[in-house]
Number of protein chains: 2
Amino acid sequence: MNFNAITIRDIAKELNLSVSTVSKALRDSYEISEKTKKLVVEYAERNNYRPNPIAQSLKHGHSKSIGIVIPTIENQFFSQVINGIESVAYNSGFNVIITQTHESYDLEVKNVSHLARRSIDGLLISLSTETKDLEHLKKLHKQGLPIVFFDRVSDEIETHKVIADNFKGGYDATKHLLESGYTRIAHITSPPNISTSKERLAGYNQALAEAGLQVPEEYIKHCLHGGRDASEIENVLTELLSLEKKPDAIFTTSDRITTTTLFLLNKLKIKIPNDIALIGYTNTTFADVLNPPLSSVYQPGFEMGQKAMEMLLNIILSKRPVIKFETLVLPTRLFARSSTACKRLV
Amino acid sequence: MNFNAITIRDIAKELNLSVSTVSKALRDSYEISEKTKKLVVEYAERNNYRPNPIAQSLKHGHSKSIGIVIPTIENQFFSQVINGIESVAYNSGFNVIITQTHESYDLEVKNVSHLARRSIDGLLISLSTETKDLEHLKKLHKQGLPIVFFDRVSDEIETHKVIADNFKGGYDATKHLLESGYTRIAHITSPPNISTSKERLAGYNQALAEAGLQVPEEYIKHCLHGGRDASEIENVLTELLSLEKKPDAIFTTSDRITTTTLFLLNKLKIKIPNDIALIGYTNTTFADVLNPPLSSVYQPGFEMGQKAMEMLLNIILSKRPVIKFETLVLPTRLFARSSTACKRLV
DNA sequence: TTATATTGTGAAACCGCTAGCATAATTTGG
DNA sequence: CCAAATTATGCTAGCGGTTTCACAATATAA
C-alpha cells in the first residue's frame, strides 16, 4: 500500500534524531526547539513524508472514516444524498465508504458487518425494503457505534434521524390529483414495513378521507422490492388495469417505481393523463423532458445528506455520550406538470 | 471506533493462553493442537471477536481497500461502472472508497492524495474534464501504486486501461444520422483534452468524410466542464441555432450534455427530429420514455467496472511487477429511436 | 533408561506513530 | 561557581495483531 513510503524512522535516522523527537516536531509540539522543528519539517516536506494513517488509526483508535449503507447508488435521490454527505464529510476530514444493499436484507447485514470490521467511526444508513429485523444494527449501536438514519428509518433504535416529510408528500400528491379532478386514485408503493411507505400511504389516505372518498383496497399496491425488477411493477399495474373500476390516476413512490410505471403505461399506449394521470416521487432532473412531463414530489436529497452527516459528526465528536436525539423532517416539493393536467370532463 | 471490542489479548487472558497461541489458533495454524484451536475458536465466536483490520493492515502493509475517482456519481453511466467495480471487489474482499471530482482538476488532485494517504492498495480512475497535467498520478504510479484507468484515460501513464469503443460509437451515431437523411450534423462534446471526446470526434469526422461531407468548424462545440452547468450547453446551443446554416441534427456526448440538450430543445419548442434530430451518449434507463424517445449510444458501464477492477486485482495480487499492460476496448450499442427518425423530405 | 524426534506453547520483535516520563543539556539565580 | 530551574531530546510502552524462534512437554527409538 504505502509503497516504499518514507517513515518517521527514516527521518530520524537521516537527521540523527529520535523517532519521538521527529514525531513531536512534526506535530509542532512545544517540547521541541524551533530549530529542530524547522529542520524536521523541511526534511519531511522535501521528501514528501506522509504519516501512515493506518498507524495513526491504530494508535488513537479512530479511523476518520464513516460508512454509508444505501439501497442503490443508481437512484438519483440517493446519489444526491451521497453528494450531501460527502460535502460535509470532506470538510471535516472524514472519508466515506459507500455500500449498496440492492434492497436485500442479507446484503445489508453483510455490508454493515463489513463496515464495522473496517473500523468506521460512524454509520449512515437507509434501510433496505426487505429489512424487518434490526438486530444487526442494534448490536453495533449498543456497542457504541454512532448511527444516524436517513430517509428509511426505524424507531426501534434511538438515535438521530433525518427524513423528508413523507406524510405531507403523500398528502400533497393525492390532493393535487383530487384538485385536478381525479377520484379513482391508485397508489403503487414500496413494502409497508419501511417507514417512508407507511407515512406516504397515511398522507394519501388522509387526503382521500378529507375529500370524503374511499378507494377500494385493491387500489393500493406494494412492490416487495421497491420495483427492483420491472416485472414487479408490471404485475401490479396489470392488476390495476384489469380492475372492474379502473383507476383514473396513479400515485407512485420512489424513482424506480415512478419511471418504470411511466415506461409501462407508455408501452401499453395508455394516454397520460387522459386515460390515467400519473404523479410520482422522483429526483431525476429529467422530469421535464419525459413523455409526458411528469408531475412529481421532489425530496431534498442533498440537504438530507448534509444534515445526516452533521448529526453523525455531532455524535462522533461529542465528548460525552449523546442521549438526546432528534428527528429532523425536511419539506418536499410538488411539481405539477402535464401528467396530471386537469381531467377533461367527457 | 471499535467500541470496547474484544481483542486477542482478552481471549488469551481469559483462556490462560498466550497472545500468539490465540492468534495462531484463530488463523488455524498447524502449530496449534486441535483441542486448543477448538477452545479458542469457540470462545471467539461466542464473544463475537473480530480481528481489528487496522491492526492487520498495519502489520502486513495492505489495506484491502481500493480508491475510485470519478467525475460524478449522479451520472448513470458512472454509477453503473461503480456497480461493476463493486461486484468484483466485494467478491475479493476488497473495500471501495468512492470520491468525486465534479469535473474539477483541483478536486481530483486532492482526492487522489487523500486516497493515497488512506493507504489504498490500488486506484481506479476516470479523469476529470479539467485534467491536463498528470503529475499527481505519475508520482504515485512511480511509487508503485497500482492504477487502472477507465473510460477517460491518458497515455502518459503506462498501465491497464478499459475504455468503450469511442471511435466506433461516434462513427455509428454519425453514420446513423447520415443514413436517416441528415447532413448538417453538429457535435456537442466535452473538452478536446479528454480521451473520449477525441476518439468520438474522430469517429464523427470519419463518418462524415466517408460520406464525402464536410461540416463547418462551428458545428463542433466543446463544453469546458462537460456540461456541468446548463448554461454551458445553453450557450453553445444558441450559437448553433444562430448559425446561418443551421444544423439539422446534433450528436451529443455524455449523459449530462445529452439530456440537457434535449431539455433545452424542448424548451425552445424546437421539434425533434423535424427541426433538428438528436442522438446522444447516455446510459439512462429512461431513454424510451423521454420526449421524444431518444436515440442513443449506450456504453457497457457495468462491464467496464468489472473489467477495470479485475485488471486492478491482477496488478495488486501479482507477485512480480507487472510490465505488460493491456487496453481493453468494449463495444458500445446504438439504439435508434424516434429522435432520429428518417428526415422528412419537404 | 537415555538420547532423539516430534509437537504444542510462549516470548518477543515488529508494523508506524504517539505520548508520558526520564534524562541530558542549557540557562538562570544565589 | 555551584545548585536549581528551565528547556530540549530520547527512551519506552502501547495500539492489536502476526510471525519467528526458542523452549518445554511429550512421544518415539535405541
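Values below: every heavy atom of this structure, side chains too, minus hydrogens, waters and symmetry copies. Residue numbers start from 1 in every chain, and the chains themselves are labelled A, B, ... in the order their sequence lines are given, proteins ahead of strands.
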Enumerate the salt bridge (Lys or Arg N to Asp or Glu O under 4.0 Å) contacts for residues 7-26 of chain B, please, sequence neighbours excluded, ordered by first and then second residue.
K24(B)-E31(B)
Of the listed nucleotides ([options]), which one gets closest to any side-chain atom of [X]?
X      : options                   : answer
A55(A) : dC21(D), dG10(D), dC17(C) : dC17(C)
R27(B) : dG10(D), dT18(D), dA8(D)  : dT18(D)
S20(A) : dA12(C), dG10(D), dG17(D) : dG10(D)

Whether the E103(B) and T129(B) side chains hold a donor-acceptor pair (N or O, under 3.5 Å, no angle test) is what I'd like checked.
yes
Can you tell me if T101(B) and S104(B) form a side-chain donor-acceptor pair at under 3.5 Å?
no
The correct set of residues in residues 37-47 of chain A placing a heavy atom under 4.0 Å from DNA chain C is none
Remember a base hit wins even if backbone is also touched, and classify [X] as base, sugar-phosphate or nothing at under 4.0 Å, heavy atoms.
X      : result
S33(A) : sugar-phosphate
R9(B)  : base
T7(B)  : sugar-phosphate

For [N], take OP1 and OP2 only and decide whether either is under 4.0 Å from a side-chain N or O of [X].
X      : N       : answer
S23(A) : dT18(C) : yes
S18(B) : dG10(C) : yes
Y30(A) : dT9(D)  : no

Using whole Å, what does the distance between atom [atom2] of nucleotide [N] and atom [atom1] of [X] come to?
X      : N       : atom1 : atom2 : value
I54(A) : dG16(C) : CD1   : C1'   : 11 Å
L58(B) : dT19(D) : CG    : P     : 13 Å
E31(B) : dT9(C)  : CD    : P     : 10 Å
H62(A) : dT18(C) : NE2   : P     : 11 Å
H60(A) : dG16(D) : NE2   : C1'   : 15 Å
N52(A) : dG17(D) : CG    : P     : 17 Å
K64(A) : dC17(C) : NZ    : P     : 18 Å

Would you check, one step at a time, whether the test side-chain hydrogen bond (donor to acceptor under 3.5 Å, both in side chains) holds for T131(A) with S128(A)?
CA-CA 5 Å; T131(A) 304; S128(A) 94; 2.9 Å; yes
Note down the inter-axis angle between the two ends of the helix from dT1(C)-dA30(D) to dG30(C)-dC1(D), five pairs each, to the nearest 10°.
70°
Single hit among I315(B), V69(B), I125(B) for side chain to side chain contact (heavy atoms under 4.5 Å, CB included) with I147(B)
I125(B)
Considering only heavy atoms from C-beta outward, does the side chain of F94(A) approach that of I316(A) to under 4.5 Å?
yes
With a 3.5 Å cut-off and heavy atoms only, can you find an N or O donor on one side and an acceptor on the other between the side chain of K24(B) and the base of dG10(C)?
yes
Salt bridge check: are K64(A) and D121(A) linked by an N-O gap of less than 4.0 Å?
no
Of Q56(B) and T36(A), the one whose nearest nucleotide on DNA chain D sits closer to the 5' end is T36(A)
Side-chain donor or acceptor of N16(B) paired with backbone N/O of A12(B) under 3.5 Å
no
I'd like to know whether S23(A) forms a side-chain hydrogen bond (donor to acceptor under 3.5 Å, both in side chains) with S20(A), so could you lay out the CA-CA distance, the side-chain angles of the two residues, the decisive distance to 0.1 Å, and finally the verdict.
CA-CA 5 Å; S23(A) 169; S20(A) 46; over 6 Å; no
By nearest-nucleotide position on DNA chain C, the 5'-leaning member of E34(B) and K59(B) is E34(B)
Please report whether the ring centroid of H136(B) lies less than 6.0 Å from that of Y105(B).
yes
